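Just so you know, these numbers come straight off a predicted model, no measurement behind them.
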Amino acid sequence: MNIFNNNRPVFWILIFLVLINITALATYYIYMRKPANEPLPGSGMKRGIVLQQELELTPDQSIAVNRINATYQASSEPIVEAIREKKAELLDELSKDDTDSAVLIQLTNDIVIEQKKLQLANIKQFLDLKKVCTPEQTLKLSQIYAGLYGFEQKGKGNGQGKGNGKGYRHRYGQQKPK
């Protein structure tokens, strides 16, 4: 009993810390986890809504855009699935003890062909959307696609320039070494 009397504050501090950890874990699992059936950020329904909001589409344009997106999704879904299957086959071949490089090359070529088909479907979708849009909306559409491809377009800053500067600040970068 003497041990508990001497270490009573340490015992209660440990109990308090355990309760805080349990509370933090419970909070994480209740509030922070997303349900598994929630659509992904780039999924079809959200993409159409984003385009409608960003491009400020009229009701007629929205109908045409939804039709174009549905056509794109129907044509691209089998391609995306084929790419997934080929990549799975590639990983299976890589994990074998006796990996056949000819099979790897063939699978890689198959993936490239499918990715080319997907890129062509993306281009067709963009061109179809472009036909529906006004010139101002087409510029916004180009910016959206640039973001999807991971590129920011030059010249979109707040200044008067065209965004092609050398990145010198205060002209110190232009000084020649002595």
Here the pair of heavy atoms bringing K96 nearest to T99 is O-OG1, 3.1 Å
If hydrophobic clusters are built from ILVMFWY residues whose side chains come within less than 4.5 Å, do I13 and I22 share one? no
Distance col, row D92:CG vs K87:NZ, nearest 0.5 angstrom, shows 14.5 Å
Does the side chain of N69 pick up a donor-acceptor pair with the side chain of Q73 at under 3.5 Å?
-> no
Mind running side-chain contact (heavy atoms from CB on, under 4.5 Å) on Y72 and D128 for me, showing each step along the way? CA-CA 10 Å; Y72 169 75; D128 290 344; over 6 Å; no
Check: So if you build clusters from Ile, Leu, Val, Met, Phe, Trp, Tyr with side-chain heavy-atom gaps below 4.5 Å, do I113 and L118 land together?
Finding: no
Going through the checks in order, is the side-chain contact (heavy atoms from CB on, under 4.5 Å) test met by L120 and K117?
CA-CA 5 Å; L120 291 172; K117 289 179 189 176; 5.8 Å; no
All heavy atoms of Q137 vs all of V132, minimum pair found to be OE1-O, 4.5 Å
Modelled atom types, side-chain donor and acceptor of Q143 and E54, under 3.5 Å
no
Does one hydrophobic cluster hold both L57 and Y145, with members joined at side-chain heavy-atom distances below 4.5 Å? yes
Polar side-chain atom of Q125 near backbone of I68 as donor-acceptor pair, under 3.5 Å:
no
Quiz prompt | Cluster link V112 to L94, ILVMFWY, side chain under 4.5 Å | solution = no
- For the hydrophobic clusters of this structure (ILVMFWY residues joined by side-chain heavy atoms under 4.5 Å, transitively), does one cluster hold both L127 and V65? yes
Hits for side chain to side chain donor-acceptor pair (under 3.5 Å) against S75, two or more places apart or cross-chain, chain-then-number order -> none
* Sub-3.5 Å donor-acceptor pair from the side chain of E114 to the main-chain atoms of I83, do we have one? -> no
Closest non-hydrogen contact found for K86 with D110 is NZ-OD2, 3.4 Å
*asked:* Does F16, at its CZ atom, have more than 12 non-hydrogen atoms belonging to other residues, nucleotides or ligands within less than 6.0 Å?
replied: no
Of all heavy-atom pairs linking S142 and F126, the shortest is OG-CZ, 3.7 Å
Exactly one candidate in L129, L139, L55 meets side-chain contact (heavy atoms from CB on, under 4.5 Å) with I144; the answer is L55
For K130 and L141, the nearest pair of non-hydrogen atoms, with its separation, is N-CD2, 4.1 Å
